Amino acid sequence: MSTPVDDPAPLDDPLGRERGHLAASRAALRAMREDAESLDIKDVTANWVNAQILERQINERIAALADLSDTPLFFGRLDYLHAPGTDLAEGAEGERFYIGRRHVHDHDGDPMVIDWRAPVSQPFYRASKKDPMDVGLRRRFGYTRGDITAYEDEHLSDPAEAATTSKLLQQEIERPRVGPMRDIVATIQPEQDEIVRSGLGGTVCVQGGPGTGKTAVGLHRVAYLLYAHRERLARTGTLVIGPNRSFLHYIEQVLPALGELSVQQATVDDLVAKGVEVRGGDDAAAAVIKGDARMAEVLRRAVYSHVTMPTEPVVVVRGSRRWRVPAYELEDIVRELLDRDIRYGAARDALPQRIAHAVLVQMERSGEAPDDRVQDSVARNTAVKAAVKQIWPPVDPAKLVLRLLTDADFLAAHAEGILDEDEQKTILWAKPVRSVKSAKWSAADAVLIDEAADVVERTHSLGHVVLDEAQDLSPMQYRAVGRRCTTGSATVLGDLAQGTTPWATRSWDEALAHLGKTDGVIEELTAGFRVPTDVITYASRLLPHIAPGLTPVASVRENPGFFDLRAITGTAEVVAACEELLRNEGSTGLIAADARVPALAEALDAAGIGYLAPGEETTEETRLTLVPASLAKGLEYDYVVLDEPQAVVDGEPDERTGLRRLYVALTRAVSGLIVTHAAPLPVQLG
């Protein structure tokens, strides 16, 4: 491998030629964008509907072709020994490909930059000295604000050249984080690339400790699937689910930077909003029971309890004739629909047609020849509609859940053998509620309503769903996500050691079962690219107490990072630690127990130090974010001050959850961590 080149050079040397190719590629991208902007939809559309669709597609194309001046258009180069796809014995001359975030071609259509997702780009991530994959040279580029300033070569097929660690790759991994999360297309590792390029048909669950890149892997898998299966996913849709709005804001620029603008983002709470406003909360005991998968059967029983076996015949009058469907025949129809195990609403819609068909059979026996129009007319007959309303009445999911939570007898009837008496009492509301609108619904209640709604009408399924920070979901929340991808696949991302809810996931096999994806493949990422060695080593002291079966993350960063434990006497020293870290380049996070945040905010204000809330974008003037520990998950900062670890632990309902919350807080730093404490440190930290 050659040494990185950093000095300016004449245009006839390799660095100059690469700069020239970059300039030409940017010009070609501008031309592609200008071509899209010049399209006149009036020339190719026949009506306003087509015009609207085409205009939207053109606007999306224009947005996808944006050239971000501070983002490298390409980050690597592959020189093949032979032309890809040819027989190596032919001795065909090799080809050169520049690997970047999107495809760029010249005015003749010849590629100048190849999309990182294309098959020909794969060796950039997978080729090695042991398996060169027919690559003679792999070149990485170093950039400063979008301009090439260095390059580094690996001659993969040269046995005389020893394999070494890429300095540019290491620099890119350790580059300071400022602003939202960025893509990792230049640094994807072979084990990550294998997950990214896994097929659309399978569900993948990624267990990854702090800094292993699991979120980035999940987002890049979406980008890859959209590239490989664009038409299919354009029809069925894709969705990224995150734990909260702050997290979604943090990751929202990754896919657009890769040219993918059609992926929706939401929280689980967003998904289950069924016309009820969440204004209340549950204590931990009630939330655990409401989130238990057993509630699904309680709800199913409650919904189908509305079906009543007929005791009277249906008499349909048509002209001078009266057609009678006896009660026993109606009962057979109802039982047959129940045995089919279809959605409650679909069965209710089918019932009048089944009754009408029974009438038509009688008509045919009497010598008449009715057609489909007659059957539809009978199905709309007043007597038939009245019978359907009596036998199979409509069910409002919110009203059903409200009755379960306020009517002890109704709950007992449908929870018998599922929930014991104490569990039933735990989820019953203490005070009666007048209506659905006046109820103070909790987030767990909304999930129950969503489950009931799916029993009534099938939930729309998407082509692919990414579920991040999945370890914090309850079984019922997994079910809510799973029904959004019943006909599609999922990428599940999480870390069992970071589960901080009372119902946190105990195993990924169990989670995949609740999701309805028992055939999902579980992958584990253990190489840490974000958290410095000294920091992750210290945080890993907690693993035997919070997740004894997990493999500790092994940092691959050459820089061990800055780490310091400081005993303090007051908030002034916490502020001083923040001021110290702000002298470095990049972002700084002050993470503290939620109860400590007001006092620290007051201290920062008194010191004249500006700060942001989680999810707000850092600027050159304001690079400090004050983060409640409850919102720290998924976020990262170059430097972190962690205030009072014991207070973080004490802020949770039990010690194990508190230690997991502390583990999260300890692992948010990319370059350095200062832990300040006036109280003794938790004994689990040694």
Side-chain angles (χ1 to χ4, degrees), residues 268-269 271-309 338 341 343-344 393-456 459 472-483 499 501-506 510-511 513-516 652-654 656-657:
V268 174
D269 290 345
L271 294 182
V272 299
K274 296 288 185 181
V276 297
E277 183 182 359
V278 175
R279 297 183 296 130
D282 291 307
D283 59 32
V288 167
I289 297 170
K290 290 180 181 179
D292 194 301
R294 294 176 297 163
M295 288 299 299
E297 177 59 19
V298 175
L299 290 163
R300 193 198 67 79
R301 288 183 183 180
V303 169
Y304 280 94
S305 70
H306 292 77
V307 177
T308 304
M309 287 300 167
L338 288 172
D341 196 29
R343 293 297 194 279
Y344 182 92
V395 172
D396 181 290
K399 290 181 179 178
L400 176 87
V401 173
L402 182 63
R403 186 178 176 190
L404 276 173
L405 298 177
T406 57
D407 185 335
D409 292 337
F410 188 68
L411 176 62
H414 304 300
E416 183 179 359
I418 300 176
L419 303 179
D420 61 34
E421 290 185 10
D422 288 339
E423 289 174 319
Q424 293 176 35
K425 290 178 182 177
T426 299
I427 64 173
L428 278 170
W429 290 355
K431 297 180 180 179
V433 178
R434 291 183 178 179
S435 66
V436 168
K437 287 188 176 181
S438 64
K440 291 186 177 181
W441 298 104
S442 69
D445 297 333
V447 177
L448 296 181
I449 294 171
D450 188 73
E451 178 81 29
D454 186 67
V455 176
V456 176
T459 303
D472 280 331
L473 267 61
S474 70
M476 291 296 284
Q477 287 175 316
Y478 276 117
R479 290 176 61 87
V481 174
R483 52 181 164 266
T501 55
W503 48 83
T505 303
R506 292 174 292 185
E510 183 180 313
H514 293 311
L515 200 67
E652 299 298 327
D654 61 83
R656 185 172 185 178
T657 303

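Everything quoted here is computed from the prediction, not taken from an experiment. Side chains included, hydrogens not; waters and symmetry mates left out as well; all remaining heavy atoms used.
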S.K.: Can you name the closest pair of heavy atoms from G291 and P475 and give their distance?
M.R.: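 Taking every non-hydrogen atom into account, O-CD, 3.1 Å.
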
S.K.: Nearest heavy-atom pair of V272 and A480: which atoms, and what distance?
M.R.: CG1-CB, 4.0 Å

S.K.: Looking at CZ of R300 and CD1 of I418, how far apart are the two atoms once the value is rounded to the nearest 0.5 Å?
M.R.: 8.5 Å

S.K.: Which distance, rounded to the nearest 0.5 Å, do you find between the CG of L400 and the NE2 of H306?
M.R.: 5.5 Å

S.K.: Going by ring pair (Phe, Tyr, Trp, His ring centres under 6.0 Å), name the residues that satisfy it together with H414, two or more places apart in sequence or in a different chain.
M.R.: F410

S.K.: Salt bridge or not between D450 and R483? Use side-chain N to carboxylate O under 4.0 Å.
M.R.: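 Answer for the salt bridge query: yes.
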
S.K.: Quick one: OG1 on T505 to CD on E510, what's the gap to the nearest 0.5 Å?
M.R.: 7.5 Å

S.K.: Any donor-acceptor pair under 3.5 Å linking the side chain of R279 with the backbone of A439?
M.R.: yes

S.K.: Looking at T501 and D472, would you say the former's side chain and the latter's main chain have a donor-acceptor pair under 3.5 Å?
M.R.: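 Confirmed, T501 side chain pairs with D472 backbone.
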
S.K.: So which heavy atom on R343 is nearest to which on V455, and how close?
M.R.: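 Heavy atoms of R343 and V455 come nearest at CD-O, 3.4 Å.
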
S.K.: Rounded to the nearest 0.5 Å, how far does CG of L299 lie from CE of M476?
M.R.: 5.5 Å

S.K.: Begin with the C-alpha distance, continue with both residues' side-chain angles, and end with the deciding distance and a verdict on side-chain contact (heavy atoms from CB on, under 4.5 Å) for D292 and L419.
M.R.: CA-CA 10 Å; D292 194 301; L419 303 179; 5.9 Å; no

S.K.: Could you give all pairs that pass the side-chain hydrogen bond (donor to acceptor under 3.5 Å, both in side chains) test and reach residues 436-445, with sequence neighbours left out?
M.R.: D282-S442, K290-D445, S435-S438, S442-D445

S.K.: Would you compute the distance between atom CG of L448 and atom CG of L404 and round it to the nearest 0.5 angstrom?
M.R.: 8.5 Å

S.K.: Assign the ring pair Y344 / Y304 to parallel, tilted or perpendicular, where the plane angle (0 to 90°) is split at 30° and 60°.
M.R.: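 It falls in the perpendicular class, over 60°.
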
S.K.: Heavy-atom count around E416 CD within 6.0 Å, excluding the residue itself: above 12?
M.R.: no

S.K.: How far apart are the closest heavy atoms of A284 and P502, and which atoms are they?
M.R.: CB-CG, 4.0 Å

S.K.: May I have all residue pairs that pass side-chain hydrogen bond (donor to acceptor under 3.5 Å, both in side chains) and include part of residues 417-432, sequence neighbours excluded?
M.R.: R294-E423

S.K.: For a quick test of reading the model, state the closest non-hydrogen atom pair linking V278 to A443 and the distance between them.
M.R.: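 Scanning both residues, the minimum pair turns out to be CG1-N, 3.6 Å.
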
S.K.: Is it the case that the side chain of H514 and the backbone of A511 share a donor-acceptor pair, with hydrogens and angles ignored and the cut-off at 3.5 Å?
M.R.: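 Absent.
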
S.K.: Return yes when atom CZ of R434 has more than 12 non-hydrogen atoms of other residues, nucleotides or ligands closer than 6.0 Å, and no otherwise.
M.R.: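 Not buried by this count: 12 neighbours or fewer within 6.0 Å.
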
S.K.: Taking the side chain from D283 and the backbone from A286, do they hold a donor-acceptor pair closer than 3.5 Å?
M.R.: yes

S.K.: Please report the C-alpha distance between V433 and L405 in whole Å, then the side-chain angles of each, then the deciding distance to 0.1 Å, and finally whether the side-chain contact (heavy atoms from CB on, under 4.5 Å) criterion is met.
M.R.: CA-CA 10 Å; V433 178; L405 298 177; over 6 Å; no

